[in-house]
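All values reported here derive from a predicted model rather than from experimental measurement.
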Amino acid sequence: QPRDSGPAPAIIIIPDVHGLSDFYRGVAQRFAGEGYFAVGLDPYSREGAPKLADLDAVYRWLAALPDRRILGDVAGAVAYLRGLPEVRADSIGVTGFCMGGQYTLMSACSIDGIAAAVSWYGMLRYRQTNDLKPASALDMAPQLRCPYLGMFGADDAIIPPADIEELRGILERNGKTFEIEVYEGAGHAFFNDTRPDAYRPAVAEQAWTRGTAFFRRHLS
């Protein structure tokens, strides 16, 4: 919670596939320092965070995770924040990273009460859809309900450039308010300083400046 008195805009932080780690608690604290009432969403409050040894395990876990459950948790967080006197009910944003970035865009396309969304290297396309994964982020993009900023790395092996350009085209054709930034020299997880293989400090700082400016513009 920010130190300033009076109702504040709020931001919900959706973590990556590994869950609400100390890194994402730090991100929430950083948003609080910017003047937001920040809430870190724990997507695994029921069963505990998974132990994922490799990328194959990550993909298997993601395939079995019900989208409706995560989006229901985000909707619950929005409703909770709207009921707090410390929060400006019309100024609630959502942001997320990797898996959380995917659900950020999905939330912005399906949940009322979100005023702005900032997605960090969120996946966009499913290999296949089913009852657990009824629609990908690209499928849902025409229904975007609020201003959206998507930030991606040009060298991301998980999110093909063609998917990013398809998202751009969908949002343009549907007259949505959006910005998309693709950072050269960066891949997946470029903001995560606990991953030295992926972390790109200069890009991370640029993206933080871009994301916070976007939130200030649309949540002020």
Side-chain angles (χ1 to χ4, degrees), residues 11-36 38-45 47-65 70 73-74 93-107 117-127 137 148-165 167 179-216:
I11 293 176
I12 299 164
I13 297 102
I14 313 174
D16 65 27
V17 66
H18 299 287
L20 190 59
S21 63
D22 287 344
F23 173 75
Y24 292 108
R25 291 184 180 93
V27 171
Q29 291 170 350
R30 196 170 174 185
F31 274 117
E34 297 277 351
Y36 298 96
V39 173
L41 185 77
D42 182 0
Y44 307 130
S45 60
E47 69 274 86
K51 306 297 183 186
L52 303 170
D54 53 35
L55 198 55
D56 285 341
V58 167
Y59 284 135
R60 288 194 301 271
W61 177 265
L62 287 173
L65 193 63
I70 305 299
D73 287 349
V74 177
V94 177
T95 194
F97 303 76
C98 182
M99 177 191 82
Q102 170 191 291
Y103 285 120
T104 292
L105 178 52
M106 289 179 163
S107 297
V118 175
S119 172
W120 308 68
Y121 38 87
M123 291 84 77
L124 298 171
R125 185 187 302 276
Y126 287 148
R127 296 174 184 174
Y148 162 82
L149 168 62
M151 296 188 287
F152 303 91
D155 303 330
D156 194 327
I158 298 174
I159 306 169
D163 287 1
I164 300 169
E165 291 311 305
L167 175 63
E179 298 174 18
I180 289 176
E181 184 70 47
V182 180
Y183 291 102
E184 296 297 329
H188 202 71
F190 62 74
F191 190 74
N192 193 333
D193 62 10
T194 70
R195 292 189 46 188
D197 59 318
Y199 180 51
R200 298 293 181 269
V203 174
E205 197 55 39
Q206 288 178 51
W208 179 260
T209 300
R210 180 78 178 269
T212 52
F214 188 85
F215 275 137
R216 275 196 303 275

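- Atom CG of Leu20 is separated from atom OG of Ser45 by 10.0 Å, given to the nearest 0.5 angstrom.
- To the nearest 0.5 Å, atom CE of residue Met99 and atom CD1 of residue Ile158 are 13.0 Å apart.
- Between Asp42 atom CG and Tyr24 atom OH the span is 13.0 Å, to the nearest 0.5 Å.
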Taking it one step at a time, do Leu105 and Leu167 satisfy side chain to side chain contact (heavy atoms under 4.5 Å, CB included)? CA-CA 11 Å; Leu105 178 52; Leu167 175 63; 4.0 Å; yes
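- Of all non-hydrogen atoms in Asn192 and Tyr121, the two that sit nearest each other are N-OH, 4.0 Å.
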Under the criterion side chain to side chain contact (heavy atoms under 4.5 Å, CB included), I'd like the reasoning laid out for Thr95 against Ile12: C-alpha separation, chi angles, the key distance, then a yes or no. CA-CA 6 Å; Thr95 194; Ile12 299 164; over 6 Å; no
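- Between the side chain of Tyr36 and the main chain of Arg30, no donor-acceptor pair closer than 3.5 Å is present.
- One distance of note links CE of Met123 with CD1 of Ile159; it measures 6.5 Å at 0.5 Å rounding.
- Of the options Trp208, Phe191, Phe152, a ring-ring contact (aromatic ring centres under 6.0 Å, His included) to Phe97 is made by Phe191 and by none of the others.
- For the atom pair CD1 (Ile14) and OG1 (Thr104), the distance works out to 4.0 Å, reported to the nearest 0.5 Å.
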Set out, in order, the CA-CA distance, both residues' side-chain angles and the distance that settles side chain to side chain contact (heavy atoms under 4.5 Å, CB included) for Leu65 and Tyr103, then state yes or no. CA-CA 12 Å; Leu65 193 63; Tyr103 285 120; 4.1 Å; yes
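- Using a 4.5 Å heavy-atom threshold, the side chains of Leu41 and Asp73 count as touching.
- The side-chain heavy atoms of Ile180 and Ile164, taken from C-beta on, include a pair separated by under 4.5 Å.
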Using residues 48-55 as the side-chain source, report each donor-acceptor pair under 3.5 Å to any protein atom, sequence neighbours left out, with the distance given to one decimal.
{"unit_1": "Asp54", "atom_1": "OD1", "unit_2": "Asp56", "atom_2": "N", "d": "3.2"}
{"unit_1": "Asp54", "atom_1": "OD1", "unit_2": "Ala57", "atom_2": "N", "d": "2.8"}

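- Nearest heavy-atom pair, Tyr199 versus Ala204, reported as atom, atom and distance to 0.1 Å: CE1-CB, 3.8 Å.
- The minimum heavy-atom distance between Thr212 and Thr209, with the atom names listed, is OG1-O, 3.2 Å.
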Atom pairs and distances, donor-acceptor, side-chain atoms in residues 181-190, under 3.5 Å, two or more places apart:
{"unit_1": "Glu181", "atom_1": "OE1", "unit_2": "Arg210", "atom_2": "NH1", "d": "2.3"}
{"unit_1": "His188", "atom_1": "ND1", "unit_2": "Asp156", "atom_2": "OD1", "d": "3.4"}
{"unit_1": "His188", "atom_1": "ND1", "unit_2": "Asp156", "atom_2": "OD2", "d": "2.7"}

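- In this view, Tyr59 satisfies the side-chain hydrogen bond (donor to acceptor under 3.5 Å, both in side chains) rule with no residue, not counting sequence neighbours.
- In plain terms, the two heavy atoms of Ala38 and Ala32 that are nearest each other are CB-N, 4.2 Å.
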Evaluation steps, side chain to side chain contact (heavy atoms under 4.5 Å, CB included), between Cys98 and Trp120: CA-CA 6 Å; Cys98 182; Trp120 308 68; over 6 Å; no
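- Of the inter-residue distances, the one linking Ser21 atom OG with Asp16 atom CG reads 6.5 Å to the nearest 0.5 angstrom.
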